[in-house]
Protein chains: 2
Amino acid sequence: MNPLSIPLTKGNTDRPDAEFFHSYEKKFKALADKKRLEILYLITNSTSVCVCDLSETIDMQQSKLSYHLKILLDANLITKETKGTWSYYQINQKEMNGLLSNQLCCIFRTEDSTCC
Amino acid sequence: MNPLSIPLTKGNTDRPDAEFFHSYEKKFKALADKKRLEILYLITNSTSVCVCDLSETIDMQQSKLSYHLKILLDANLITKETKGTWSYYQINQKEMNGLLSNQLCCIFRTEDSTCC
DNA sequence: CATTTATATCAAAAAAAATTGATTTATATC
DNA sequence: GATATAAATCAATTTTTTTTGATATAAATG
């Protein structure tokens, strides 16, 4: 047995449940790709972007881009607004700021006026 | 062409390089698994834990646990200290606090005394 | 010094995620 | 109304990640 054993939270009712860990897994999975991080950077640093704008700026074919945008959207890290044939994407500030440190401003998140 | 087009940062020299996005990809990949998040939760809420402690608390075989701990270690999210046959793992507070929001205290990170 | 215990590593298999090119849907334009 | 454009979806393939059980290493214990 471990000689320096410190009791862990086994059976602790305050311990987050499986659903809690699963919800964060989804968010971090969405962040766990350098192309999606680059997309987030671009979306963060512009008010509203369509797929065609992104497709030009980062070298990526359209179907691939839509695939990655859907992952970010499903994780609720970005939002979408459709105008005619165009889909405009925005950062979900509340979600991103609640997830990432202020140190990551203004790369993957925005300024936090309520802090410091 | 996009009628609401706002110029993106194409050719902007301030734009982070590929290496920057790659380094964060690695960190978020390490976070992108519910079992690793559960491991981090346990490590965060104890001063020092060995593999055998974790293996008892979360239902996971030893080789699998070592595999996941290595991923967290390689991403520099935790640190390791070996004493005899035991390996004790600690949270890398600086790294985690620089990555995650204060809102995630004290689940995946610790209290931030320098903020708010 | 043989045995047990803690942990890491390995190779093979299984599962999950990403890429590709084609197709579909819907709107805008001529 | 035919054609072009923007974006989403699909199925097949490729790549990456995870799981599994076995084995290796090294320290502790009898």
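So you know, we letter chains A, B, ... as the sequences are listed, proteins then strands, and number each from 1.
Considering only side-chain N and O atoms, B/Lys70 lies nowhere under 4.0 angstrom from the phosphate OP1 or OP2 of C/dA8. Between A/Ser87 and D/dA8 there is a side-chain polar atom (N or O) within less than 4.0 angstrom of OP1 or OP2.
At distances below 3.5 Å, at least one donor-acceptor pair connects side-chain atoms of A/Arg36 with backbone N or O atoms of A/Ala30.
Looking only at atom types and distance, the side chain of A/Asn97 has no donor-acceptor partner in the side chain of B/Ser101 under 3.5 Å away. Residues A/Ser66 and A/Gln62 have side chains that bring a donor and an acceptor to within less than 3.5 angstrom of each other.
Checked against D/dT18, D/dT19, D/dT9, the side chain of B/His68 finds its nearest nucleotide in D/dT19. Set against C/dA6, D/dA6, C/dT19, the side chain of A/Thr85 has D/dA6 as its closest nucleotide.
At whole-Å resolution of the value, CD1 in A/Ile39 and P in C/dA18 are 11 Å apart. A straight line from CD of A/Gln61 to C1' of D/dC10 spans 14 Å, rounded to a whole angstrom. Rounded to an integer number of Å, the gap from B/Lys34 NZ to D/dT17 P is 17 Å. Nucleotide C/dT19 holds its P atom 8 Å from the CZ atom of A/Arg36, rounded to whole Å. Atom CD of A/Glu81 is separated from atom P of D/dA8 by 14 Å (rounded to the nearest Å). As a whole-Å value, the separation of A/Tyr67 OH from C/dT24 C1' is 20 Å. Put simply, CH2 on A/Trp86 is 8 Å from C1' on C/dT27, counting in whole angstrom units. What separates NZ of A/Lys64 from C1' of D/dA11 is a distance of 18 Å, to the nearest Å.
Comparing B/Gly84 and A/Lys80, the nucleotide of DNA chain D nearest to each residue sits closer to the 5' end for A/Lys80. Comparing A/Lys29 and B/Tyr89 by the nucleotide of DNA chain C that holds the closest heavy atom to each, the one mapping nearer the 5' end is B/Tyr89.
B/Ser63 comes within 4.0 angstrom of a base, heavy atoms only. Heavy atoms of B/Ser66 sit under 4.0 angstrom from at least one base atom. Using a 4.0 Å heavy-atom cutoff across all strands shown, A/Leu73 reaches no nucleic acid atom at all. Using a 4.0 Å heavy-atom criterion, one finds that A/Ile71 contacts the sugar-phosphate atoms exclusively.
Using a 4.5 Å cut-off on side-chain heavy atoms (C-beta onward), A/Ile107 and B/Phe20 make contact.
Nearest heavy-atom pair across B/Gln90 and B/Ser48 is NE2-OG, 3.2 Å.
By the salt bridge (charged side-chain N to carboxylate O under 4.0 Å, His left out) test, A/Lys70 pairs with A/Asp74, sequence neighbours left out.
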For DNA chain C, what dot-bracket results from Watson-Crick or G-U pairs at under 3.5 Å, with [ ] for crossers and | for inter-strand partners?
-> ||||||||||||||||||||||||||||||
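Ring planes of B/Phe108 and A/Phe21: tilted class, angle from 30 to 60°.
For B/Gln62 against C/dA8, a side-chain N or O and a base N or O form a donor-acceptor pair under 3.5 Å.
Only one option out of B/Leu100, B/Leu99, B/Ile91, B/Asn92 pairs with B/Leu77 in a side-chain contact (heavy atoms from CB on, under 4.5 Å); it is B/Leu99.
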